[in-house]
Protein chains: 2
Amino acid sequence: MADDTRIRMFRVAGPIFADKGFEGTTVREICAAADVNVASVNYHFGGKETLYLQTVELAHQERLQRVPPAAWPSDALPADKLLIFVTTILNRILGEGNIGWETRLLMREMLQPTEACRPLMEEYVRPQWDQLMGILDELLPTVTTHHVRHQIAFSIVGQCLHYRLANEFVSLLIGDDWQTGAYSVERLAQHITQFSLAAMNGLSEMIQEGESPNLQIPISAAT
Amino acid sequence: MADDTRIRMFRVAGPIFADKGFEGTTVREICAAADVNVASVNYHFGGKETLYLQTVELAHQERLQRVPPAAWPSDALPADKLLIFVTTILNRILGEGNIGWETRLLMREMLQPTEACRPLMEEYVRPQWDQLMGILDELLPTVTTHHVRHQIAFSIVGQCLHYRLANEFVSLLIGDDWQTGAYSVERLAQHITQFSLAAMNGLSEMIQEGESPNLQIPISAAT
DNA sequence: CCTCGATTCAAACAAGTGTATGAAACGCCC
DNA sequence: GGGCGTTTCATACACTTGTTTGAATCGAGG
């Protein structure tokens, strides 16, 4: 069966590419793991690069299927939408429990996009960004400038992404707690949502009082 | 002059390693750029790995010298300390103006630490972490648990790091504005500080009222 | 049973990798 | 200027990389 070997190679190539990246992975390593001949990668995929590309594509679609985009009832409160949104992002990023190879591969592509799958990544990120901006529309005063909205959005996704990107140092800095359930996705999502909602509440007051943020430094409020 | 060639190799190796990483860089490439023989790397450094290690070390120290750790007058208010801290982090991360190769190299090490310079990275990160926790001690109610303090600290550094890590997508999502001065380090620092202070204000009230965060979902406050 | 296309395989290929070698060139002190 | 340790150089080495090749194997149709 030709399909059989192809699938076997996909299954094996995914995690390896995710761990070592495109350049760090050798076709011999993949073939050995899949128990096929080295010539297979060229026969079935036409080269290492095509195999990689199709693997990323596969990861994209599997991820999409396993963790569908955030969704909420039409009558949901904005704050609830935000919690759902953050939870979804965290689930995608941290994996629900264990970290799937799909996420690691996509994250790797996100940090240093291979020229070939940059469009794929845009397609992956853009809808989530639009979704978040929609939520912020409901949470922030209408007078809020685009500039401020963008910065707030980045503050929110920054909090989420940090737990994956700086994972090494998170576990280093706080020790054992990280591995335990003390930092479950639910807990993290609740914290980030609360933190961000409280921040936006404060900022909204300032905005509506005319002290448009970022034009001066009214930071002595919290002492 | 032997020192001359060594320095020339350092100067050239830094940016190349920063761009392509350890594995992606070839000694021939470095030697060609430095206009020295291929044998030089072995003669002067004993191997590619030692050269890399010393390059990272150099980047570490140059960075330390160019952007010294955050410091403030002893009578500074906690909120002012936070602004100074965030500004310093952003300066280190984004470079004051242009992005230096030192930062790119250290960031690369931070995301996937080479086993050899993991201790170096810890030495780089730990003091800043302690500094931030010190500031939070002054800003948060004394009853705040370690767990919550940690999460808040991560929320703050997450906001900062995001602008470097997801740089590709930041400029993608918001378009031209990113390149202009609309997102200067000062502006970003002010936003992140305000955002975080407002968040901590809100959270502090909840904590002192006994609604310890993260144990339930009191998120319908901001609608 | 034979045939023919599709698939697998061992082996080889050319290019590139980090490193080692031994001779040449240099700089300095006597 | 001669001698000598230091530094440079061209070259070669052993190894790995992705890819190619041509023969061997398989599997169904006539």
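Below, each value reflects all heavy atoms present in this structure, side chains not excepted, and no hydrogens, waters or symmetry copies.
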Below 3.5 Å between N/O atoms, which protein atoms pair up with nucleotides 24-27 of chain D? Just atom names and distances, please.
none

- Message: If we count only N and O atoms by modelled type, under 3.5 Å, do the side chains of B:Tyr163 and A:Gln151 hold a donor and an acceptor together?
- Response: no
- Query: Which of these, A:Thr193, A:Leu161, A:Val86, sits in a side chain to side chain contact (heavy atoms under 4.5 Å, CB included) with A:Ile156?
  - Reply: A:Val86
- Message: Side chain of A:Lys48 only, heavy atoms from C-beta on: which candidate in C:dT19, D:dG18, D:dT8 is closest?
- Response: D:dG18
- Between the first and last five pairs of the helix from C:dC1-D:dG30 to C:dC30-D:dG1, the angle of the axes, rounded to 10 degrees: 20°
- Message: Determine whether the aromatic ring centres of residues A:Trp129 and A:Phe154 are separated by less than 6.0 angstrom.
- Response: yes
- Check whether the side chains of B:Gln61 and B:Glu57 place a donor and an acceptor atom closer than 3.5 Å, and report yes or no. yes
- Note on the structure: In whole angstroms, the gap separating C1' of C:dA6 from CZ of A:Arg6 amounts to 12 Å
- Please give, in whole Å, the distance from D:dT17 C1' to A:Glu49 CD? 15 Å
- Message: Counting the benzene-type ring for Trp, do A:His150 and B:Tyr183 have ring centres under 6.0 Å apart?
- Response: no
- Separation of C:dT7 atom P from A:Asn42 atom CG, nearest Å, is 15 Å
- Item | Inter-residue atom distance A:Tyr124.OH - A:Leu64.CG, 0.5 Å rounding | 8.0 Å
- Task: Run the ring-centre check on A:Phe45 versus A:Phe10 and record whether the distance is less than 6.0 Å.
- Result: yes
- Could you check if a side-chain atom of B:His147 sits within less than 4.5 angstrom of a side-chain atom of A:Arg187, using non-hydrogen atoms only? yes
- Note on the structure: Quick tally for nucleotides 9-15 of chain C: nucleotides whose base has a protein heavy atom under 4.0 Å get B, sugar-phosphate-only ones S, the rest -, giving BBBB---
- Query: Quick one: A:Tyr43 OH to D:dG18 C1', roughly how many Å, whole number?
  - Reply: 19 Å
- Message: Tell me the interatomic distance from A:Glu29, atom CD, to D:dT17, atom P, rounded to whole angstroms.
- Response: 8 Å
- Query: By a strict heavy-atom criterion of less than 4.0 Å, which residues belonging to residues 12-27 of chain A are in contact with DNA chain D?
  - Reply: A:Thr25, A:Thr26, A:Val27
- Message: Tell me whether the side-chain N/O atoms of A:His44 come closer than 4.0 Å to OP1 or OP2 in C:dA6.
- Response: no
- Message: Any donor-acceptor pair under 3.5 Å linking the side-chain atoms of B:Arg63 with those of B:Thr103?
- Response: yes
Give every donor-acceptor pair under 3.5 Å between a side-chain atom in residues 16-32 of chain A and any protein atom, sequence neighbours left out.
{"residue": "A:Lys20", "atom": "NZ", "partner": "A:Glu29", "partner atom": "OE2", "Å": "2.7"}
{"residue": "A:Thr25", "atom": "OG1", "partner": "A:Gly21", "partner atom": "O", "Å": "2.6"}
{"residue": "A:Thr26", "atom": "OG1", "partner": "A:Glu29", "partner atom": "N", "Å": "3.0"}

- Query: Can you tell me if B:Thr87 and B:Glu186 form a side-chain donor-acceptor pair at under 3.5 Å?
  - Reply: no
- Query: To the nearest angstrom, how far is B:Met9 atom CE from D:dC9 atom C1'?
  - Reply: 14 Å
- Message: Any side-chain N or O of A:Thr5 below 4.0 angstrom from OP1/OP2 of C:dT8?
- Response: yes
- Using a cut-off of 6.0 Å, state whether more than 12 heavy atoms not belonging to A:Arg126 lie near its atom CZ. yes
- Item | salt bridge (charged side-chain N to carboxylate O under 4.0 Å, His left out) partners of residues 35-49 of chain B, not counting sequence neighbours, each pair once | none
- Message: With a 4.5 Å cut-off on side-chain heavy atoms, are B:Leu53 and B:Leu120 touching?
- Response: no
- Spacing between B:Ile30 atom CD1 and C:dT19 atom P, to the nearest angstrom: 11 Å
